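Remember, predicted model here, so these are calculated numbers, not experimental data. Reminder, nothing fancy here: chain letters follow the sequence lines and each chain counts from 1.
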2 protein chains.
Amino acid sequence: MADVHPALLMYLGYRHTENRVMAELAEAGFDDVTLAQARVFQRLAEDGIRLTDLAEQAQLTKQSTQFLVDQLEQAGYVERRPDPSDARARLICIAERGREAQLQARQVENAIRREWTRHLGKERMALLTELLQDLRPLVDPFE
Amino acid sequence: MADVHPALLMYLGYRHTENRVMAELAEAGFDDVTLAQARVFQRLAEDGIRLTDLAEQAQLTKQSTQFLVDQLEQAGYVERRPDPSDARARLICIAERGREAQLQARQVENAIRREWTRHLGKERMALLTELLQDLRPLVDPFE
DNA sequence: ACAATTAGTCAGACTCTCTGACTAATCTGA
DNA sequence: TCAGATTAGTCAGAGAGTCTGACTAATTGT
């Protein structure tokens with residue numbers, strides 16, 4: 001069947017990457033992060049993010065996000081700092097252990113990038129990335 | 001930041017499509033399907049599939065899959081038939097209401113395909129699909 | 001200054017997913 | 001051939017994840 005929807009193919013690529021990252025994180029000792037936690041963690045920005053914004057990006061309610069961030073904080077992956085611009089808000093930042101996990105995750109991501117590049121060739125891999133980027137305005141609610 | 005991982009871009013495309021399908025299904029009256037149910041339903045083959053195989057493809061335990069299939073069956077989206085080749089097994093098939101929902105979902109998918117094609121152009125859309133297909137052996141555990 | 005909005009929290013219910021223990025049918029090899 | 005191992009599915013219970021609703025405190029706008 002040649003007529004598989006591109007979105008399904010995208011899903012396969014994403015799922016494969018997520019699986020690999022989770023597996024290798026666990027192997028590297030980060031075996032206390034759940035998938036749900038990782039999906040939230042993944043969206044943390046370098047300079048911190050508010051719970052509400054994080055929730056919106058993760059497509060979760062802020063209560064659900066809070067539940068997961070609490071666990072990430074408990075486990076040392078994340079810390080909350082006061083938001084200097086708003087006393088109600090707090091900025092969720094990557095903490096020490098989170099930084100280490102992030103490094104590990106990036107290595108897996110890079111490995112996958114290399115595998116895909118080796119398979120497609122450098123040109124076509126660049127093309128794929130470019131095409132996906134082009135599609136972004138249509139599919140990314142934050143762009 | 002130009003260096004977003006292609007897998008993340010893939011995720012955005014998939015999530016957008018899934019969101020759209022779910023929203024328009026709900027609008028068309030199929031508002032009793034949950035996301036978890038839909039993700040299982042999506043994997044049903046024309047000639048039926050066994051619970052165990054469905055579970056493997058959905059990356060769930062067979063107990064979880066059973067839980068969701070039971071609900072889909074209750075709601076008329078799915079029916080179970082005996083498997084002629086194995087008296088232990090049953091084939092999970094698409095039922096009447098499921099057929100209707102599938103039709104609706106396909107229309108949304110086709111609409112998205114058209115939108116993407118309009119945005120990228122016919123050539124580049126074909127190229128994207130081809131590149132994603134090429135990647136499939138690396139990312140699809142069933143290929 | 002005060003009403004409306006926004007950021008976050010708390011509590012409780014419901015959905016989803018898992019592990020473990022089980023039955024029945026099928027397969028395998030001595 | 002037939003007894004043990006495997007496979008397909010089920011049942012029960014626990015745990016994780018997600019939601020809605022009600023709330024407090026800070027900020028914004030008029």
Side-chain angles (χ1 to χ4, degrees), chain A residues 15 18-19 22-23 25-26 30-45 47-75 77-93 142, chain B residues 15 18-19 22-23 25-26 30-45 47-75 77-93 142:
Chain A
R15 188 174 72 171
E18 188 175 69
N19 285 342
M22 288 305 289
L25 274 178
F30 302 103
D31 54 356
D32 54 345
V33 218
T34 67
L35 186 55
Q37 288 164 15
R39 284 175 175 165
V40 162
F41 179 82
Q42 188 183 15
R43 288 179 169 79
L44 294 181
D47 45 353
I49 187 174
R50 292 190 187 169
L51 183 66
T52 307
D53 298 332
L54 187 53
E56 190 186 6
Q57 285 183 30
Q59 294 195 359
L60 292 171
T61 60
K62 52 185 177 176
Q63 294 95 323
S64 299
T65 309
Q66 184 186 35
F67 175 77
L68 296 166
V69 168
D70 283 350
Q71 297 169 343
L72 285 167
E73 189 176 32
Q74 204 83 82
Y77 288 97
V78 141
E79 61 192 15
R80 295 194 234 219
R81 301 183 192 152
D83 184 339
S85 73
D86 191 333
R88 291 169 304 178
R90 290 200 277 170
L91 292 174
I92 299 159
C93 301
F142 298 96
Chain B
R15 187 175 73 169
E18 187 175 69
N19 285 343
M22 288 304 289
L25 274 178
F30 302 102
D31 53 355
D32 53 345
V33 217
T34 67
L35 186 54
Q37 290 165 16
R39 284 176 175 163
V40 161
F41 179 82
Q42 187 181 14
R43 287 178 170 79
L44 295 181
D47 44 352
I49 187 174
R50 291 187 187 172
L51 184 66
T52 308
D53 298 332
L54 187 54
E56 189 185 7
Q57 285 183 30
Q59 293 194 357
L60 293 171
T61 61
K62 52 185 177 177
Q63 294 94 324
S64 298
T65 308
Q66 184 185 35
F67 175 77
L68 296 165
V69 168
D70 283 349
Q71 296 170 343
L72 285 167
E73 190 177 31
Q74 204 84 76
Y77 289 98
V78 142
E79 62 191 14
R80 296 192 233 220
R81 301 183 192 152
D83 183 340
S85 72
D86 190 335
R88 291 170 302 178
R90 290 199 277 169
L91 292 174
I92 299 158
C93 302
F142 299 95

*Does any residue of residues 84-92 of chain A have a heavy atom under 4.0 Å from DNA chain C, and if so, which ones, in number order?*
A/Arg88, A/Ala89, A/Arg90
*Quick one: list whatever passes side chain to side chain donor-acceptor pair (under 3.5 Å) with B/Gln57, sequence neighbours left out.*
none
_Set of residues satisfying side chain to side chain contact (heavy atoms under 4.5 Å, CB included) with respect to A/Gln59, sequence neighbours excluded_ = B/Arg15, B/Asn19
*Closest nucleotide of DNA chain D for B/Gln66 versus for A/Ser64: which of these residues is on the 5' side?*
B/Gln66
*What residues form a salt bridge (Lys or Arg N to Asp or Glu O under 4.0 Å) with A/Glu56, not counting sequence neighbours?*
none
*So which of residues 49-62 of chain A are in contact with DNA chain D, with a heavy-atom cut-off of under 4.0 Å?*
A/Leu60, A/Thr61
_So, using salt bridge (Lys or Arg N to Asp or Glu O under 4.0 Å) as the criterion, who are the partners of A/Arg39 when residues are at least two apart?_
A/Glu18
_Restricting to salt bridge (Lys or Arg N to Asp or Glu O under 4.0 Å), what partner residues turn up for A/Arg80, sequence neighbours left out?_
A/Asp70, A/Glu73
Show which side-chain atoms of residues 83-91 of chain A pair as donor or acceptor with protein atoms under 3.5 Å away, not counting sequence neighbours.
{"unit_1": "A/Asp83", "atom_1": "OD1", "unit_2": "A/Ser85", "atom_2": "N", "d": "2.9"}
{"unit_1": "A/Asp83", "atom_1": "OD1", "unit_2": "A/Ser85", "atom_2": "OG", "d": "2.9"}
{"unit_1": "A/Asp83", "atom_1": "OD2", "unit_2": "A/Arg50", "atom_2": "NE", "d": "2.8"}
{"unit_1": "A/Asp83", "atom_1": "OD2", "unit_2": "A/Arg50", "atom_2": "NH2", "d": "2.9"}
{"unit_1": "A/Ser85", "atom_1": "OG", "unit_2": "A/Arg50", "atom_2": "NH2", "d": "3.4"}
{"unit_1": "A/Asp86", "atom_1": "OD1", "unit_2": "A/Arg88", "atom_2": "N", "d": "3.0"}
{"unit_1": "A/Asp86", "atom_1": "OD1", "unit_2": "A/Arg88", "atom_2": "NE", "d": "3.2"}
{"unit_1": "A/Asp86", "atom_1": "OD2", "unit_2": "A/Arg88", "atom_2": "NH2", "d": "2.8"}

*Go through the structure and list residues passing side chain to side chain donor-acceptor pair (under 3.5 Å) with A/Thr52, not counting sequence neighbours.*
none
*Would you indicate whether the side-chain heavy atoms of A/Val33 and A/Leu72 approach each other to under 4.5 Å?*
yes
*asked:* I need the residues from residues 35-42 of chain B with at least one non-hydrogen atom less than 4.0 Å from DNA chain C; give them sorted by number, or say none.
replied: B/Ala36
*Quick one: bend of the helix from C/dA1-D/dT30 to C/dA30-D/dT1 from 5 pairs per end, to 10°?*
30°
*First contact, last contact: which nucleotides of DNA chain D are these for chain B, 5' to 3', heavy-atom distance under 4.0 Å?*
D/dT7 to D/dC11
